[in-house]
Each structure stands twice: as C-alpha cells, then as structure tokens.
Amino acid sequence: MKSIYDLNMNDLNEYLLENNFKSFHSKQIFKWLYEKRISSFDQMSDISKTMIEKFKEDFTIEDLKIVDKQVSKDGTEKYLFALSDGSLIETVLMIFDYGYSACVTSQVGCNMGCKFCASGLLKKQRDLTSGEIVLQVLMIQKRLDEINERLGNIVVMGTGEPFDNYDNVMKALSIINDPYGLAIGARHISISTCGLVPGINRFALEQVQYNLAISLHAPNDELRNQLMPINNAYPLDELFKALKNYASSNNRRLTFEYLLIQDLNDQEIHAKQIKELLKDLNAYINLIPYNKVSELDYESSNEENSLRFYDLLKKNGVAVTLRQKKGDDIDAACGQLRANKLK
Ligand code: SAH
C-alpha cells in the first residue's frame, strides 16, 4: 500500500477529485501531516469520517522505525531507520551556527562505486520512495519538536545517488519545500551528485531554486577515473559542459565538494587543476576531511596538507572553505552505521 507521505500537493488534489471529494481539503490534510505532525488519520478532527475511512483503505500513515541512534559529542545525531520492508537507512541531524540540518538518504545502498566510500561497499538494493525520503525529514523534525526547535536545512547527501532516483527525490523535495508541507525554503535544500550528467541536464530545466553540489574529489580524469567510476561514463569535460549549461539557465552558485585524501589529491598540481576547472563558474569549493572507513586504505589528509592545500587555492583566487568535521567520534562516514549493523 502507498504511504500518505508519497503524495505531494498535486497528487493529493488529484486523488481527492478522483474520489469525489473537494480538492481544497488537501491543504487541511497537509497541515495535519506536516504542521501538526499527527500519527493517525483519526486525529484529523476537521475531516469527515467518510474521507478518513477512504484514506485508511488506500494509504498507510506509518513512521520509520528507529533501530539505532548514536549521539556525538558535538551534538550530531545519527539515526538508523528500518523501512517497512526491513531495509535499513541512515539519516543524520547536525547542528551548525546557522541552524539544524538533516542529511537524508536517497537509495538503499548505492551503485556509483566510489572507491573511498562506505556506502559503495553495499550495492544498491532499491530506490527510496518519495514518502520514505519525506519521512526521514519528518522523523528528524519530530525529534526537534521535543526541544521546540525547527529543522532549517536539508542536504540530500546520505547514502545513494539522488539523480539515480530523480523523480522520487524531486517529489519528496516538493513536499519538504511546500509551504503547507515541511516549509523548508528551496535555498536551504541542497542536492549532491557524483556527476550524473543526464540528471544535471534535467535539473537545469527545473523551476526550483535548490542548491546543486557536485562531488569532485579529483581534478583530472586519470585520478577521477580511479576514484569515481562514474567519471568513465561522464568525464570532466562533459561534466563541466553540463554545469556551465546549468549555470547559464540558473543564477545559483555551485558548490563543489572535495574530500582531502592524504597524498592522493591534496598536492600543488591538484590546486592548479581545480583553479583551471572552476575559472568560468560562479562556484566555491568545500574541502572536506575524509572520514576513515576501516575496510579501506584511504587516509584523511593531515592538518599540514589540508591547510597548505586550502592556502594554495586561496592564493590562486579560488573561493574555498574548509568544512568543520561533524560527528567523527560516531559512525558518521556515509554508510558506516548501516554497514556495521549489517555485519
Ligand atoms: N551520491 C551523491 C550523494 C551522496 S554521497 C554524491 O556523490 O554526491 C555525499 C558525499 O559524501 C559525497 O561528496 C561523497 O563523496 C562523500 N563521502 C563519501 N564517503 C565519504 C567519507 N568516507 N568521508 C567523507 N565524505 C565521504
């Protein structure tokens, strides 16, 4: 059975009309689901019994099951949720100076096979439904309700490649962004891709203002082919052609993510190559300390290399930030909590 959280406002309007109800009820229903955050249809006190009975026939209204929760010293909370078929996924709640942010998962496992990533150790089992993506955010908001706080930011940077589950991710974000839904502003929502060019081209045509982040991690094809198999299908010149096309139809600033891996991608030559790649784009690059994955041989760049690399980029006129490490005392690297549980 479908979850009620799979329906965006358009779907709900259509459903109501098809079933001979008035479509204006959709706003009321969204308020119950996403503002009052009820847990059973019976709580919709201004909705008719007939409609409620029809909902019960057609939809579930179940939360995700919390299987495990880890809390880091810096306040990061990592959740392991079970879906209705028993699949396990991770969602992370982080606290930044600009507010609370949730990192959500888009697929059970991932097929992109990036060599440094714990998620890639486990192949994709299936895409998440839009409802399962929405529910991760709703679960985190319900957690924040306990302390009267509001979730302000979403990053689709958990396990999975969002552009490999394009429609469900976009539908979920339309619910998360809807003023009657979770009402999180488009500019506070970021999607991160490893560089699926067809997805970027589709995204360029969307009428939404979500941020786009690209996992670069290597500034030349030779190294990127090694680290990220997707680069064999969409090498850097194709990727940057798509990004320039996106940038020309859209004034948003692009974010590049760049993991710092000791002696592998943190040398002077790499800084020069990054400068070349980014020179015609409105973009900045976010340097991210690599989270050690015990099964893999990669090491995070040490402080000396990280700071030198940061300075080199800065001197070259590249807009660069060095990300604060979050939750590195828990299984915070992508897919680690899940991988450890499945072991
Ligand atoms: N598939 C998408 C989104 C999920 S991965 C993408 O590739 O962007 C989210 C980010 O975490 C990516 O930048 C990914 O490369 C990075 N990542 C993967 N493993 C990591 C690790 N061990 N430490 C730090 N970041 C990691």
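From a predicted model like this one, the values you see are computed outputs, not experimental measurements. We use all heavy atoms of the structure for the numbers below, so side chains are in, but hydrogens, waters and symmetry mates are not. Counting convention: from 1, in listed order, for ligands and their atoms alike.
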- request: Tell me, please, which residues at least two apart from Glu77 pass salt bridge (charged side-chain N to carboxylate O under 4.0 Å, His left out).
  value: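 Checked Glu77 against salt bridge (charged side-chain N to carboxylate O under 4.0 Å, His left out); matches are Lys69, Arg143.
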
message: Quick test of your reading of the structure: of His217, Met157, Glu257, whose heavy atom lies closest to atom 14 (C) of ligand 1?
response: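 Residue with the shortest heavy-atom distance to the ligand atom: His217.
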
- prompt: Out of Ser215, Gly158, Ala118, Ser190, who gets a non-hydrogen atom closest to atom 4 (C) of ligand 1?
  reply: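 That would be Gly158.
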
Out of all atoms in ligand 1, which are within 4.0 Å of some heavy atom of [X]? Include the element for each.
X	value
Gly160	1 (N), 2 (C), 3 (C), 4 (C)
Cys117	18 (C), 19 (N)
Cys194	6 (C), 7 (O), 8 (O)
Val293	22 (N)

message: Looking at Lys22, I want to see if its NZ is surrounded by more than 12 non-hydrogen atoms of other residues, nucleotides or ligands under 6.0 Å.
response: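 At most 12 heavy atoms, drawn from other residues, nucleotides or ligands, come within 6.0 Å of this atom.
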
task: Can you establish whether the number of heavy atoms outside Lys65 located under 6.0 Å from its atom NZ is more than 12?
output: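 No, the 6.0 Å shell around NZ holds no more than 12 heavy atoms from other groups.
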
- prompt: Shared ILVMFWY cluster between Ile147 and Tyr79, side chains joined below 4.5 angstrom?
  reply: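 They do share one cluster, since a chain of ILVMFWY contacts under 4.5 Å joins Ile147 to Tyr79.
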
message: Heavy atoms only, cut-off 4.0 Å: how does Thr159 contact ligand 1, side chain, backbone, both, or neither?
response: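 No part of Thr159 comes within reach of ligand 1.
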
- prompt: Considering only heavy atoms, does Ile214 approach ligand 1 within less than 4.0 Å through its side chain, its backbone, both, or neither?
  reply: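 Answer for Ile214: neither.
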
task: Indicate the ring-plane relationship of Phe96 and Tyr98, choosing parallel, tilted or perpendicular according to the 30° and 60° boundaries.
output: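 Parallel.
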
- prompt: Between Lys56 and Glu53, is there a salt bridge with N-O shorter than 4.0 Å?
  reply: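 Salt bridge present between Glu53 and Lys56.
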
